[in-house]
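These numbers come from the heavy atoms of this one structure, side chains and all, not from hydrogens, waters or symmetry mates. We're numbering straight along the sequence, starting at 1.
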Amino acid sequence: MGSLADVLDGKIEVPYEIIPHFPRSTVQGHAGKLVFGYLSGVPVVCMKGRFHYYEGYPLWKCAMPVRVMKLLGVTHLVATNAAGGLNPKFEVGDIMLVKDHINLMGFAGNNPLQGPNDERFGPRFPPMNEAYDKTLIREAKRIAKELGLENIVHEGCYTCLGGPNFETVAELKMLSMLGADSVGMSTVHEVITGRHCDLTVMAFSLITNKCITAYDSNDNPNHEEVMDVGKMRQDVLKLFVQSIVKYIKQTEDSINP
Ligand SMILES: O=P(O)(O)O[C@@H]1C[C@H](O)[C@@H](CO)O1
């Protein structure tokens, strides 16, 4: 049992508090450590706890760990999130491979790349139409099939709101019309920052609850349910990520033997 970070070989845990200028995790269930180690022989770094706009950090600071990873030599970013399922076909516990996102906070002029551009990381105006690596999406679907997960793995568009409140019915109806399939409060700022510095990116949502789009529903989304579903699916997610990381390593080795 345990999260992916807990099962790394040769694990070294670095609490966020001892990393200069690093933000601190404030969310229940987010431990606040960078964990270095090997996953099936592949060197990786995991974040045990991520940063969200609703914690009070500006978006650039929320995404700062991605730049730290780039400087450490990381080449691929696999971002995972808990999200509400807006697509009615999605069930709680399903996985949605992110094929695109809607940067709603960006629409309002809030972007992690705002301010002077640091050319050492990337260009002023990075493209975002191919943010999510198509080969990784294709291979993740193949892996899902191999693992017998094809019925629970879908593809769709993620959108991130600032939070911390969950959405109103009217907001969800609007997001559905805009083409969003899952709704959360993270990932987009990390993906934008990762693509800016040329990381290869894939992301997926664990659907932890169904978005409530009917006024006559008596259900309420809540963080406890989000964490419970995360724990319930922990083993499947670990296996899925492990297989994806193995695939990435094999292709990298075949390109640079
Ligand atoms: O995976 P993330 O951190 O996006 O998790 C979602 C958004 C909020 O942090 C939390 C709400 O329950 O879950």
Heavy atoms only: give me the nearest [X]-[Y] pair and the separation to one decimal.
X    : Y    : result
C160 : M105 : SG-CE, 3.6 Å
T213 : L86  : CG2-CD1, 3.9 Å
C46  : L4   : SG-CD2, 4.4 Å
I248 : T251 : O-OG1, 2.9 Å
L8   : G37  : CD1-N, 3.8 Å
A203 : T187 : CB-CG2, 4.1 Å

Side chains of [X] and [Y]: does their closest heavy-atom pair fall under 4.5 Å?
X    : Y    : value
R24  : E55  : no
I137 : M202 : no
L149 : V236 : yes
M64  : H21  : yes
I102 : C157 : yes
K173 : S176 : no
L175 : L161 : yes
K99  : Y132 : no

Euclidean distance, [Y] [atom2] relative to [X] [atom1], rounded to 0.5 Å:
X    : Y    : atom1 : atom2 : value
L104 : N110 : CG    : CG    : 11.5 Å
Q234 : L237 : CD    : CG    : 8.0 Å
T80  : L77  : OG1   : CG    : 9.5 Å
N103 : T159 : CG    : OG1   : 7.5 Å
E155 : D100 : CD    : CG    : 10.0 Å
E139 : I244 : CD    : CD1   : 10.0 Å

Checklist entry - Checking side-chain contact (heavy atoms from CB on, under 4.5 Å) for the pair D235/L239: CA distance, chi angles, key distance, verdict? => result CA-CA 6 Å; D235 287 347; L239 190 62; over 6 Å; no
Item to check | Polar side chain donor-acceptor pair, R50 to S25, under 3.5 angstrom | outcome: no
Checklist entry - Would you say the side-chain atoms of S186 and N81 include a donor-acceptor pair closer than 3.5 Å? => result no
Next on the checklist: I'd like to know if K249 pairs up with E252 as an ion pair, taking the criterion as any Lys NZ or Arg NE/NH1/NH2 lying under 4.0 Å from an Asp or Glu carboxylate oxygen.
Outcome noted: no
Checklist entry - Do D6 and K48 sit within salt-bridge range, that is, some charged N less than 4.0 Å from a carboxylate O? => result yes
Checklist entry - Would K33 and E13 count as a salt bridge (Lys or Arg N to Asp or Glu O under 4.0 Å) if you check the C-alpha gap in whole Å, the side-chain angles of each, and the deciding distance to 0.1 Å? => result CA-CA 6 Å; K33 289 174 189 168; E13 299 193 346; 3.0 Å; yes
Checklist entry - Are F204 and F240 close enough that their ring centres sit under 6.0 Å apart? => result yes
Please determine whether residues [X] and [Y] belong to a single hydrophobic cluster, defined as Ile, Leu, Val, Met, Phe, Trp and Tyr linked transitively by side-chain heavy-atom distances below 4.5 Å.
X    : Y    : value
M47  : V68  : yes
I192 : W60  : no
L136 : L206 : yes
Y247 : V241 : yes
L172 : F107 : yes

With a sphere of 6.0 Å drawn around [atom1] of [X], does it hold more than 12 non-hydrogen atoms of other residues, nucleotides or ligands?
X    : atom1 : value
L72  : CG    : yes
F166 : CZ    : yes
K145 : NZ    : no
K246 : NZ    : no
R124 : CZ    : yes

Expected output: side-chain [X] to main-chain [Y] donor-acceptor under 3.5 Å:
X    : Y    : result
Y16  : G49  : yes
D94  : E91  : yes
N209 : V92  : no
E150 : K141 : no

Checklist entry - Excluding sequence neighbours, so at least two apart, what forms ring-ring contact (aromatic ring centres under 6.0 Å, His included) with Y54? => result H52
Checklist entry - Considering residues at least two apart in sequence or located in another chain, which fulfil the side-chain hydrogen bond (donor to acceptor under 3.5 Å, both in side chains) criterion with E130? => result K134
Checklist entry - Does anything in residues 73-99 pair up under ring-ring contact (aromatic ring centres under 6.0 Å, His included), and if so which pairs, sequence neighbours excluded? => result F90-H154
Item to check | Step-by-step side-chain contact (heavy atoms from CB on, under 4.5 Å) determination, T193 to H196 | outcome: CA-CA 5 Å; T193 304; H196 178 247; 5.5 Å; no
Checklist entry - Can I19 and L34 be said to form a side-chain contact (heavy atoms from CB on, under 4.5 Å), step by step? => result CA-CA 9 Å; I19 308 174; L34 272 189; 3.9 Å; yes
Next on the checklist: Below 30° counts as parallel, above 60° as perpendicular, anything between as tilted: where do the rings of F51 and F22 land?
Outcome noted: perpendicular
Item to check | Step-by-step side-chain contact (heavy atoms from CB on, under 4.5 Å) determination, V66 to L199 | outcome: CA-CA 9 Å; V66 175; L199 295 183; 3.8 Å; yes
